[in-house]
2 protein chains.
Amino acid sequence: MTFDEAKAKFVQTWGTLATQWGINRTMAQIHALLMIAPDPIDTDTVMEQLQISRGNANMNLRELMDWGLVYKQLKPGDRREYYIAEKDVWKIARQVAKERRRREITPVIEVLEELKKVNTDTPEAEAFRKIVGDLSQVVGFADNTLNAVIKAEENWLMGQFLTFFRSI
Amino acid sequence: MTFDEAKAKFVQTWGTLATQWGINRTMAQIHALLMIAPDPIDTDTVMEQLQISRGNANMNLRELMDWGLVYKQLKPGDRREYYIAEKDVWKIARQVAKERRRREITPVIEVLEELKKVNTDTPEAEAFRKIVGDLSQVVGFADNTLNAVIKAEENWLMGQFLTFFRSI
DNA sequence: CAATATTTTTTGAAAATACAGAAAGTTGCT
DNA sequence: AGCAACTTTCTGTATTTTCAAAAAATATTG
């Protein structure tokens, strides 16, 4: 496999993984492209490399900045805006964990807590509260896991977790 | 909130959460419906409750069985097939972890390992190997986390994890 | 073995999502 | 201010995903 093939495969793989987890393919591909770029890249380069329109490139670059995964970079004497990706993978992980927790997990926990309060007095309602409560625990577990990632220090994380998981 | 409203909200919430994580909305809604059903349910009931077609109901019920989250149940003296959901939420979690690991994480790890082997000798390729290697670690961490869930015993899981995470 | 009930697969259409290209908006220079 | 270099937003189109309805297959009963 040539280096160019490897880069292409990386971009494609990252895009596929993203889709499977409910994230826009192009956004992930741009992210991949920026992660493996040694230097800042401008919009036109992104467009050319991924064969996408300016509008699309711009939209997803903003989204990536919104997720805190990509930064703008200005070059002195150049009006264009260049983009650079966060390269610290654990920081990336923390950022993603943080966003997904905020956008998707926390709201669900709130709803489930609300639903547990239904006070209808039938066996059916009793069963309902049971399963909702149980699911609440599972989602809470996911929440805790993400939170652990968010709170963890860079290097500390790998060590602690690996030690813990190896014990299982 | 009435009990019926609560049930509806639960089904809707579960569907939304699923979409956000790359899973078919209807599949999750059927799953939700079955989880809170005290008794086995047949296809027509699913169709009626969620206002979906027979084809759609059937397809997603199969998919749910494929994920190991729903079982068929036959009633003596009745030709129809009834469906029942796994109610043990930790078993559900383990099942989901198992499937997603198999379908989505493991393949990515293999690709990343492959990509690390690119032996082009330039600074750019060196940086590529670095980021791919680092990401490999992060994905490996996700893999380990899912694996821990899969391997864990039912009740044991909550206790261990909570203790661990509280320490963070 | 027919007649009937039930499940499964297929197919084309509808809905949702993603996107290109163009228009509009900004910024900075002369 | 006026122009040029870029960036952002908008709008209609294309792609993908989801799904209803019909057709086909399978199972069950008399």
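Chain A is the first sequence line, chain B the second, and so forth, proteins listed ahead of strands; every chain is numbered from 1. Atom set for the values below is all heavy atoms of this structure, side chains included, hydrogens, waters and symmetry mates excluded.
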According to a strict under-4.0 Å criterion, is [X] in side-chain N/O contact with OP1 or OP2 of [N]?
| X | N | value |
| --- | --- | --- |
| B:Thr26 | D:dC19 | yes |
| A:Lys72 | D:dT8 | yes |
| A:Asn56 | C:dA18 | no |
| B:Arg62 | C:dT9 | yes |
| B:Asn58 | C:dT7 | no |

Tell me the interatomic distance from [X], atom [atom1], to [N], atom [atom2], rounded to whole angstroms.
| X | N | atom1 | atom2 | value |
| --- | --- | --- | --- | --- |
| A:Arg79 | D:dC6 | CZ | C1' | 6 Å |
| A:Met59 | D:dC10 | CE | C1' | 12 Å |
| A:Glu81 | C:dG25 | CD | P | 18 Å |
| A:Arg54 | C:dT26 | CZ | P | 18 Å |
| A:Met47 | C:dA22 | CE | C1' | 12 Å |
| A:Arg25 | D:dT16 | CZ | P | 8 Å |
| A:Tyr82 | D:dT7 | OH | C1' | 14 Å |
| A:Asn60 | C:dA20 | CG | C1' | 13 Å |

Report, as yes or no, whether the 6.0 Å neighbourhood of atom NZ on A:Lys75 holds more than 12 heavy atoms from other residues, nucleotides or ligands. yes
In plain terms, say whether B:Arg80 and B:Asp44 are close enough for a salt bridge, that is, a side-chain N and a carboxylate O under 4.0 Å apart. no
So, A:Phe3 versus B:Phe128, ring centres under 6.0 angstrom or not? yes
Assign the ring pair A:Trp14 / A:His31 to parallel, tilted or perpendicular, where the plane angle (0 to 90°) is split at 30° and 60°. tilted
For A:Thr19 and A:Arg80, take the nucleotide of DNA chain D holding the closest heavy atom to each; which residue's nucleotide lies nearer the 5' end? A:Arg80
Considering heavy-atom distances to DNA chain C, does A:Ile52 or B:Asp42 have its closest nucleotide positioned more toward the 5' end? B:Asp42
Minimum heavy-atom separation for B:Met35 to A:Leu135, with atom names? CE-CD1, 3.7 Å
